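Working notes for the structure below.
Note that the structure is predicted; figures quoted are calculated from it, not measured.
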Amino acid sequence: MGNTQNTNEKDLKEITFVEDYVPSLKAGMYKVSLRQELMDGRNTPTSPIEKLLFKKIPDGISFSKEKDFFVSGERFNLRPLDIDSVFPPDMSVGKFYDTLPHLVFNDPSLPWQRSLFAGKKGDPKTPWLALLLFDENDPAPNPRRVPVSTLLNPQERKEGFFFPDTFSLEPGESPTDMVTIIDVPVDVFNRICPSVEDLKWLAHGREVNVSYKAKDKNREQTGKYAVSLSSRLPVPEKESIVHLVALEGFGEMLSTHDPHQTVANKKENPALKGFHHVRLISYRKWRFKCESNKDNFSNLLKSLNKGASEILKGQLPQSELRLYKDIKKEGAGERIDSFLNQGFVPLPHLMRQGYQTISMYRGPLAPTEIPNFIKANIDNQDQLYFKDPQSNILDVSYACAWQLGQMLGLRNQKFTQALINWKMHNKFSAISAWEKKQLASKFEFIENNNGVFLPFKKEATEVFKVPESQPAEKFSGDALLKNENPFKRDTQKEKDPEYQITELPNLCKDYFKSLEKLHDVPFHYLVPNMEMLPNESIKFFFLDRNWVNALLAGAMNIGDFAVGADLKEEAGNIDFERFLDWKNNKKSPVHGFILRSRILTGWPGLEMYPQTAGGKLMDHVRMEKLADDIAIVMVEGKIGKLVFREPGEGVHFGFDLADENIKKVYRGNDIKGTDGNIFPDLNEKNLVNMSKLSAAFLSVNPNGYSNADFAYQMVEGVDKETFFFEQEQTA
């Protein structure tokens, strides 16, 4: 069905590794001092008059002002939107024992917003957040919610729970605020927590292209991310739990902390003497299990469309959005199967007469191209019922679309009001123009410069016999008043232009464009039966523009009102269709697919690249997640092949296997005197000595090294899977 392609250097060049996103000011209290000193640069006055009039200002006069301000930052709880994704995915099972877990932040400055040391000491590039991995042998601590006062209570320290005594509340914080904490045994903490030297290599920034990611209202997609990395490898065949913890204020304790001592020379951290647990703030936890030959990026994609429920009567798994299931009906079984192959679904239909039957429905996502035949001049849904002459079964697809369009439009109050106002203005204007035209055709008024209605031409000339070239008397009741030529004809007046309909409001245009892309359309209208889209499947479709046209026609019908028979031809049938810019015969087909898979939850920023058969990237009409595990993609033109790529911001870190050991192959130009293989040091808890590993990279590349360079070396690359649609169709 597809083939896997390994990552090359070109793929990594599309990801920019950034050393850090250290904010200009870390969270905390600051003081601004302003001092102004006056200096008189003039020469000292000499004459008595100058001394009297131009006194010299004494030097050293100064004014000063101080102002305290506070920079706020996340501290006790993180917002859900602050975290983009984790790897390995939560609750996943796979071959992760050569992988370093990581977490991606949507806020790229978050790992550096606070300081590891109290009083803003230490290197500002050292992150204050860390990932601690626990396995079944540790075991993992139990998180619990407590008030912040528990952290500040000195009695807790006396009872053996370590928490920095330099920790204090900031403006806006309260002792009653709730926080999630974990208590880690000191002996476990000493072996799994990275040192200060290791920490600075465990966070970096990334910039990626988000153009080909499905839009997700639950995720911020700015293209800039920060990544926090664990330095501990999971244990094979064991379940692991990772906690994102705060190390704010732990700098003094960690400065004497060295987790890489061998078991024989094991040294206790003197700062933890007398404590049996270390108390940490935990923001997020997730779990996974290491097992061989389980789900990974490529395996999940390769397993799409291979559910047992789809393999019926020896059929190969199909990729079109349709039901694969026999529904027998006496006298019409073959016809029903034909409907199913066209993407229809039989649904119960309660008729107006009170009896119930079965009708066929197909949403806008059809398995094959449908010719365009529906226009916008549809007054009601009854005009869109179609009956199959062979089986006598109704097709209610387009009638449902028309009715849905009207309901969706009515739900949007701003759209409804704008559309009604626009229609009323144009129809009343059209009626007014029509009335004026009718009056002008039946009567001949004498036009007057003063804008006053005067008697009709015929009666005026017969009664008053006033020569048109001479002054006339204005007739008002029985009185004759002198006036200047009231019946004098004006110069020839230009013919009134034909009435022009005003432009459709932008609000309405935008809403119609949104409906064209099927926004707001309920999912069960798109996929009426979930057997059409089982778990772990990808289904291709063509957009049925007839269904979309019916949807828009229903929305456009809002605000129509009846007019008299004489007016109907002129004012009742305004052609509003042209305002929707429907060029059905000129538009290329809209092709697309719906993906339902755990890969969307495990890799939230999954990148999808629809391409032509020649490999040219296609512009997408819509690329959006409809649920956590469902995404829809629509493009103009037919998809030739489809490339799925691991998200750049979520590309994981790891090592290569060398017999029973792990190694890292240096990525880049070969350096003389090295074979490119670097073997990391691990302690008995599988904690990697990151500072020593980075020093090994530096020895290979002596021109300088940053944590962005380190991230480039540690990243395992971008997995890709390609589906050749044309081959799939003919398989």
Side-chain angles (χ1 to χ4, degrees), residues 1-7 85-99 212-214 236-237 287-325 365 367 527 529-541 592-611 623 625-633 639 641-647 650-652 654 716-731:
M1 185 172 182
N3 68 324
T4 304
Q5 300 178 10
N6 295 325
T7 301
S85 58
V86 297
F87 189 88
D90 191 17
M91 304 301 294
S92 61
V93 179
K95 183 182 174 182
F96 303 128
Y97 46 80
D98 58 352
T99 299
Y212 286 88
K213 297 179 183 293
E237 310 303 324
R287 66 179 64 216
F288 60 91
K289 189 172 183 179
C290 291
E291 288 186 11
S292 302
N293 302 322
K294 292 291 183 179
D295 295 342
N296 58 34
F297 185 85
S298 295
N299 287 342
L300 281 173
L301 287 169
K302 289 179 179 179
S303 65
L304 295 177
N305 294 349
K306 292 186 178 179
S309 61
E310 284 196 81
I311 306 176
L312 303 173
K313 298 192 304 183
Q315 298 180 54
L316 291 174
Q318 301 293 320
S319 63
E320 297 87 0
L321 188 64
R322 61 176 67 163
L323 274 175
Y324 296 95
K325 176 179 179 180
L365 313 179
V527 183
N529 190 315
M530 287 308 294
E531 289 189 27
M532 303 171 72
L533 189 67
N535 290 325
E536 302 305 317
S537 64
I538 180 171
K539 298 296 181 180
F540 291 89
F541 62 81
F593 62 89
I594 290 186
L595 172 65
R596 184 184 184 188
S597 173
R598 287 172 291 160
I599 201 164
L600 290 168
T601 55
W603 287 261
L606 177 69
E607 298 174 8
M608 298 174 279
Y609 297 90
Q611 302 177 20
M623 185 178 288
K625 290 183 73 171
L626 304 179
D628 289 341
D629 62 340
I630 299 177
I632 185 171
V633 176
I639 300 174
K641 64 178 181 179
L642 178 61
V643 177
F644 290 97
R645 200 175 75 168
E646 193 176 5
V651 178
H652 64 272
E716 278 297 276
V718 183
D719 285 341
K720 293 199 303 188
E721 186 72 19
T722 302
F723 293 91
F724 298 94
F725 184 75
E726 296 298 332
Q727 295 180 11
E728 171 65 20
Q729 289 293 91
T730 57

Whether His652 and Phe87 hold their rings parallel, tilted or perpendicular, with breakpoints at 30° and 60°: parallel

pair Val527-Ile630: side-chain heavy atoms closer than 4.5 Å: no

Shortest non-hydrogen contact from Arg322 to Pro367? NH2-CB, 3.5 Å

Identify the two heavy atoms, one from Pro647 and one from Glu607, that lie closest to each other, and give their separation to 0.1 Å. CA-OE2, 3.7 Å

Could you tell me whether the side chain of Phe644 reaches within less than 4.5 Å of the side chain of Met608, counting heavy atoms only? yes

Heavy-atom check, side chain of Arg596 versus side chain of Asn535, under 4.5 Å: yes

Heavy atoms of Lys289 and Glu237 approach each other most closely as CE-O, 4.2 Å

Listed by chain and number, what are the side-chain contact (heavy atoms from CB on, under 4.5 Å) partners of Ser92, not counting sequence neighbours? Pro88, Pro89, Phe96, Phe288

Spacing of CG belonging to Asn299 relative to CG belonging to Leu304, to within rounding of 0.5 Å: 11.0 Å

Looking only at non-hydrogen atoms, find the nearest pair between Leu595 and Leu606 and report the distance. CD2-CD2, 4.0 Å

Does the side chain of Asn305 reach to within under 4.5 Å of the side chain of Ser537, using non-hydrogen atoms? yes

Does the side chain of Glu716 reach to within under 4.5 Å of the side chain of Thr99, using non-hydrogen atoms? no

First locate atom CG of Leu301, then atom CD of Glu536, and finally report the distance between them rounded to the nearest 0.5 Å. 9.0 Å

Once rounded to the nearest 0.5 Å, what's the spacing between atom CD of Glu320 and atom CE of Met532? 11.0 Å

Nearest heavy-atom approach of Trp603 to Glu646 is NE1-OE2, 3.4 Å

Testing the 3.5 Å rule here: is there a donor-acceptor pair between the side chains of Gln611 and Tyr609? no

Main-chain N/O of Arg287 paired with Asp90 side-chain donor or acceptor, under 3.5 Å: yes

Is the shortest side-chain heavy-atom distance between Pro534 and Lys539 below 4.5 Å? yes

Less than 4.5 Å apart, side chain to side chain, heavy atoms only: is that true for Leu642 and Val633? no

To the closest 0.5 Å, what do you measure between CG (Leu323) and CG (Asn529)? 4.5 Å

So with a 6.0 Å cut-off around CE of Met91, is the heavy-atom count from everything else above 12? no

Evaluate the side-chain proximity of Ile632 to Phe541: yes if any heavy-atom separation is below 4.5 Å, no if none is. yes

